[in-house]
**Q** 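First, the structure itself, so that you have it in front of you.
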Amino acid sequence: MVAPKISVCIPTYEMGGKGAKFLERALSNLLSQDFDDFEVVVSDQSEDHAVRSLCESWDQDLCIAYFDNSAGKRQASANSNFAIDRARGEIVKILFQDDFLWEKMALSRMSDAFDGSEIDWLVCGSCISRDGNSLERTMVPRLTEKMHFGKNAVSSPSVLAMRASCVQKFDENLIWLMDVEMYRRLWRDLGEPAIIKETLVANCIHSGQVSTGITKEIMLEELKHVWRLHGADTSIAGKMEYLKRRLKLAWSK
């Protein structure tokens, strides 16, 4: 079987009974893309069969590679890595199940960006959507020396794509900082990314998001972990951000 140009990697779980509904919206927007040389890699940690059944019903319309990851480490970073490991495409595109591609030319814009340069990774513009139809707070990604300590000026993992030849995986010790630590590492190891300023991805805001369950204790431990990884090569601005976050968490106890 010929490998596709792009693998869209979607980590999934039941998400309080809403997982399949969110995934169906993501698949619908993928089907409407003006680019068709892609596969969808679904890594599923659901405790029910709703996502599996949905993928089976969509298999006639999209090239979906479904994988049961119910026995894996139940965490977004680990579930994303499971999907990345099974991607066959030249380009690995992350898409969380409750997010979706906002523009019909999103995948073609990403493919063209890789074809027209020697870059190894890219990030694109994003927005927030509460209802799946309207957008707010558009965001052009920007890399900063503070981002790996929580000052995220890039957006969610759904804006990220990497060449398979130099793909990196998420740190499975992280939840809150899993995306920004990855951006920091990619920046260090692969250099500057391509930045597509147009809004290509919509991040869905809802009460069941993983971020709503992140405690101060988790935040503190993750800050310490990222400091151990990147503290030595962090700029003064980054170190100040780390200290500010540490102090804020200490004072809020």
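We use all heavy atoms of the structure for the numbers below, so side chains are in, but hydrogens, waters and symmetry mates are not. Count residues from 1 along the sequence. The model shown is predicted, which means the values in this text are computed figures rather than measured ones.
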**Q** Quick one: pull up CD1 in I205 and CD1 in I128 and give me the separation to the nearest 0.5 Å.
**A** 4.5 Å
**Q** Main chain of H49, side chain of S46: is a donor-acceptor contact present, judged purely on distance under 3.5 Å?
**A** no
**Q** Would L31 and L23 show up in the same hydrophobic cluster when neighbours are defined by side-chain heavy atoms closer than 4.5 Å?
**A** yes
**Q** Flag yes if F82 and V8 sit in one hydrophobic cluster, no otherwise; membership is Ile, Leu, Val, Met, Phe, Trp, Tyr, and two members link when side-chain heavy atoms are under 4.5 Å apart.
**A** no
**Q** Nearest 0.5 Å, please: how far is CE in M182 from CZ in F170?
**A** 4.0 Å
**Q** Are V226 and V180 side-chain neighbours, meaning at least one heavy-atom pair lies under 4.5 Å?
**A** no
**Q** Measure the shortest side-chain to side-chain distance between V159 and P141 over non-hydrogen atoms and say whether it is less than 4.5 angstrom.
**A** no
**Q** Mind running side-chain contact (heavy atoms from CB on, under 4.5 Å) on W102 and N29 for me, showing each step along the way?
**A** CA-CA 8 Å; W102 180 259; N29 280 270; over 6 Å; no
**Q** With clusters defined by side-chain heavy atoms of hydrophobic residues (ILVMFWY) lying less than 4.5 Å apart, directly or transitively, does F38 cluster with V42?
**A** yes
**Q** Dump the intermediate steps for side-chain contact (heavy atoms from CB on, under 4.5 Å) on M147 and L143, then the final yes or no.
**A** CA-CA 7 Å; M147 64 183 175; L143 303 182; 3.9 Å; yes
**Q** Any ion pair linking D233 and R184 (charged N to carboxylate O, less than 4.0 Å)?
**A** yes
**Q** Tell me, please, which residues at least two apart from F35 pass ring pair (Phe, Tyr, Trp, His ring centres under 6.0 Å).
**A** none
**Q** Show, in sequence, the C-alpha distance, side-chain angles and deciding distance for L101 and Q33, and conclude whether the side-chain contact (heavy atoms from CB on, under 4.5 Å) test is met.
**A** CA-CA 9 Å; L101 299 181; Q33 290 292 298; 3.7 Å; yes
**Q** Run the salt-bridge test on R52 and D44 with the 4.0 Å N-O cut-off and return the result as yes or no.
**A** no
**Q** State the NZ-CG distance between K244 and L223, to the nearest 0.5 angstrom.
**A** 11.5 Å
**Q** For a 4.5 angstrom cut-off between non-hydrogen side-chain atoms, does E24 reach W58?
**A** yes
**Q** Are E14 and R74 within salt-bridge range, i.e. N to O under 4.0 Å?
**A** yes
**Q** Mark yes when over 12 heavy atoms from residues, nucleotides or ligands other than K73 sit less than 6.0 Å from its NZ; otherwise mark no.
**A** yes
**Q** Work out which heavy atom in L220 is nearest to a heavy atom in R246; give both atom names and the distance.
**A** CD1-NE, 3.2 Å
**Q** With rounding to the nearest 0.5 Å, note down the distance linking CG in L247 to OH in Y242.
**A** 10.0 Å
**Q** Would you indicate whether D48, at its atom CG, is surrounded by more than 12 heavy atoms from other residues, nucleotides or ligands within a distance under 6.0 Å?
**A** yes
**Q** Would the distance check show the side chain of E222 and the main-chain N or O of W176 forming a donor-acceptor pair, the cut-off being under 3.5 Å?
**A** yes
**Q** Anything under 3.5 Å between a donor and an acceptor, one on a side chain of residues 106-126, the other on a protein residue two or more places apart or in another chain? List them.
**A**
from	atom 1	to	atom 2	distance (Å)
S108	OG	D34	OD1	3.0
S108	OG	M105	O	2.9
R109	NH2	E198	OE1	2.7
S111	OG	K5	NZ	2.7
D115	OD1	K5	NZ	3.1
D115	OD2	K5	NZ	3.1
S117	OG	A113	O	2.9
S117	OG	I119	N	3.4
W121	NE1	G191	O	2.9
S126	OG	S155	OG	3.0

**Q** Side chains of T199 and V140, heavy atoms from C-beta outward: is any pair under 4.5 Å?
**A** no
**Q** Within the structure provided, determine whether P11 and F96 are in side-chain contact (heavy-atom separation under 4.5 Å).
**A** yes
**Q** If you round to the nearest 0.5 Å, how far is CE of M139 from SG of C127?
**A** 11.5 Å
**Q** State, with a plain yes or no, whether a side-chain heavy atom of R142 is found less than 4.5 Å away from one of T144.
**A** yes
**Q** Would you say the side chains of S7 and E39 form a donor-acceptor pair under 3.5 Å?
**A** yes
**Q** Between R25 and D98, does a salt bridge (Lys or Arg N to Asp or Glu O under 4.0 Å) hold up when you go through it step by step?
**A** CA-CA 8 Å; R25 180 177 62 188; D98 49 351; over 6 Å; no
**Q** Is it the case that one hydrophobic cluster holds both L190 and M178, taking links as side-chain heavy atoms less than 4.5 Å apart, direct or via other members?
**A** yes
**Q** How long is the straight-line distance from CD1 of I218 back to CD1 of I175, given to the nearest 0.5 Å?
**A** 4.5 Å
**Q** For a side-chain contact (heavy atoms from CB on, under 4.5 Å) check, start with the C-alpha distance between M162 and I91, then their side-chain angles and the critical distance, and finish with the verdict.
**A** CA-CA 6 Å; M162 303 168 279; I91 299 165; over 6 Å; no
**Q** Are N203 and V201 packed together at the side-chain level, in the sense that at least one heavy-atom pair is separated by less than 4.5 angstrom?
**A** yes
**Q** Does atom NZ (K151) have a neighbourhood of more than 12 heavy atoms from anything else shown, all under 6.0 Å?
**A** no
**Q** Is a side-chain donor or acceptor of N81 paired with a backbone partner of E172 at a separation under 3.5 angstrom?
**A** no
**Q** What about V154 and V167, same hydrophobic cluster or not, with Ile/Leu/Val/Met/Phe/Trp/Tyr joined at side-chain heavy-atom distances under 4.5 Å?
**A** yes
**Q** So which heavy atom on L95 is nearest to which on A26, and how close?
**A** CD2-CB, 4.3 Å
**Q** Is the Lys NZ or Arg CZ of R185 less than 6.0 Å from the centre of Y183's six-membered ring, within 45° of the axis?
**A** no
**Q** Heavy atoms, side chains only, cut-off 4.5 Å: are V51 and Y66 in contact?
**A** yes
**Q** Apply the side-chain contact (heavy atoms from CB on, under 4.5 Å) test between C55 and each candidate in I10, I64, L62; give the one that qualifies.
**A** I64
**Q** With a 4.0 Å cut-off on N to O distance, would you call K224 and E221 a salt bridge?
**A** yes
**Q** Say whether H225 and E181, considering side chains only, have a donor N or O and an acceptor N or O under 3.5 Å apart.
**A** no
**Q** What are the two closest heavy atoms between A161 and K93, and how far apart are they?
**A** CB-CD, 4.0 Å
